[in-house]
Amino acid sequence: MGIYVFKKQVMLDLLKGDATLNDFGGEIIPKAAQDNRVMAYLFDDYWEDIGTIESFFEANLALTENPPKFEFHNPEGPIYTSPRFLPPAKIIESQLKNTIVSHGAMLYKSTVDRAIVGLRSRISEGAVIENSMIMGADYYESDEQRAALIAEGKIPIGIGANSHLRKVIVDKNGRIGKNCKILNAENVQEATREEQGYYIRSGIVVVTRNGVIPDGTVI
């Protein structure tokens, strides 16, 4: 992974010239160096390649370290997110350690250790989250909507009561039921079970976007 700056026509010529070339770093750049003026800039500060699930997962969780390799709160180079006009996070009788909680999230009587809790996340009573990323939600469900879903035997957005997650990525709008254990106790490294709402890469369980994990599920 890298950042490349091309003149438009040069890039078009390279892409159209040889249809067998696909990778920029391994194929297109070496080809360009044969007939074009190519220069490199050595960047020796923080950089992470997040081209795999594992590298994406580890780079994000590294932000919870103290101090982190990359600092969002550097006053000399602050990082601004787009304004979402959400309320601040609400944390009720919960225990958090080395965790980043985004705006609009609500955690109730839960335990979170080394995790990213995304915007509008809902973490229910008794839930335990370890070494995980909860990506959050694109929208809120009201208390009335959540109660109606539960009454219909469905699962609201968020992490259900008394569920335990370890080394998990929950993509946007994921629905984890009550009393689930997503721990990958058998240490499965690779599995594709998207019809069940998840897959596993490098031992990391990924709950798919809009995925639903029923009450009591053990993964």
Side-chain angles (χ1 to χ4, degrees), residues 1-65 68-72 74 77-82 84 100 102 114-119 131-139 165-176 182-213 219:
M1 178 181 286
I3 297 173
Y4 309 105
V5 180
F6 286 84
K7 286 185 177 179
K8 178 181 178 181
Q9 191 57 51
V10 172
M11 185 173 70
L12 291 174
D13 291 343
L14 287 166
L15 293 175
K16 293 178 180 179
D18 188 343
T20 65
L21 303 181
N22 296 300
D23 184 74
F24 264 93
E27 299 174 332
I28 294 175
I29 296 298
K31 175 66 175 177
Q34 295 176 11
D35 305 309
N36 298 272
R37 187 179 179 212
V38 176
M39 295 177 291
Y41 173 77
L42 177 61
F43 179 76
D44 59 359
D45 207 328
Y46 175 83
W47 177 265
E48 292 288 348
D49 185 338
I50 56 172
T52 66
I53 292 293
E54 183 177 25
S55 61
F56 171 77
F57 179 76
E58 294 298 342
N60 275 274
L61 286 190
L63 297 173
T64 67
E65 297 172 0
K69 295 179 182 178
F70 181 77
E71 180 58 81
F72 276 97
N74 184 350
I79 303 296
Y80 297 101
T81 61
S82 59
R84 299 180 187 273
I100 296 173
S102 296
R114 192 173 185 260
I116 306 289
V117 179
L119 72 169
N131 296 318
S132 296
M133 290 179 61
I134 313 300
M135 303 291 284
D138 292 316
Y139 53 89
L165 280 64
R166 182 189 302 133
K167 203 173 181 181
V168 178
I169 299 174
V170 180
D171 206 343
K172 282 285 192 72
N173 310 323
R175 301 169 185 269
I176 310 296
I182 308 180
L183 306 172
N184 194 11
E186 297 181 0
N187 197 29
V188 176
Q189 292 300 300
E190 304 289 330
T192 301
R193 300 168 184 168
E194 295 189 41
E195 73 283 355
Q196 299 177 45
Y198 73 96
Y199 57 88
I200 302 174
R201 295 291 181 270
S202 302
I204 302 163
V205 179
V206 182
V207 177
T208 60
R209 186 180 182 90
N210 301 310
V212 179
I213 305 298
I219 299 175

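On a predicted model such as this, the values are computed, not experimentally measured, just so you know.
With salt bridges taken as basic N to acidic carboxylate O contacts below 4.0 Å, none links K7 and D13.
With sequence neighbours excluded, no residue forms a side-chain hydrogen bond (donor to acceptor under 3.5 Å, both in side chains) with Q34. Judged as a side-chain contact (heavy atoms from CB on, under 4.5 Å), and not counting sequence neighbours, the contacts of E186 are V188. Remark: Q196 pairs with no residue by the side-chain hydrogen bond (donor to acceptor under 3.5 Å, both in side chains) rule, at least two apart or across chains. Evaluation of the ring-ring contact (aromatic ring centres under 6.0 Å, His included) rule for F70 yields Y46, F72 as partners, not counting sequence neighbours. A search for side-chain hydrogen bond (donor to acceptor under 3.5 Å, both in side chains) contacts involving D18 returns T20, not counting sequence neighbours. With sequence neighbours left out, the side-chain hydrogen bond (donor to acceptor under 3.5 Å, both in side chains) criterion links N210 to N173.
The nearest pair of heavy atoms linking A115 to T64 is O-CG2, 3.6 Å.
For the atom pair CZ of F56 and CD of E48, the computed distance is 12.5 Å after rounding to the nearest 0.5 Å.
Between F6 and L14, the closest side-chain pair of non-hydrogen atoms falls below 4.5 Å.
Judged by distance alone, the side chain of S132 and the main-chain N or O of K167 form a donor-acceptor pair under 3.5 Å. Looking at D49, its side chain does come within 3.5 Å of a backbone N or O of G51 through a donor-acceptor pair.
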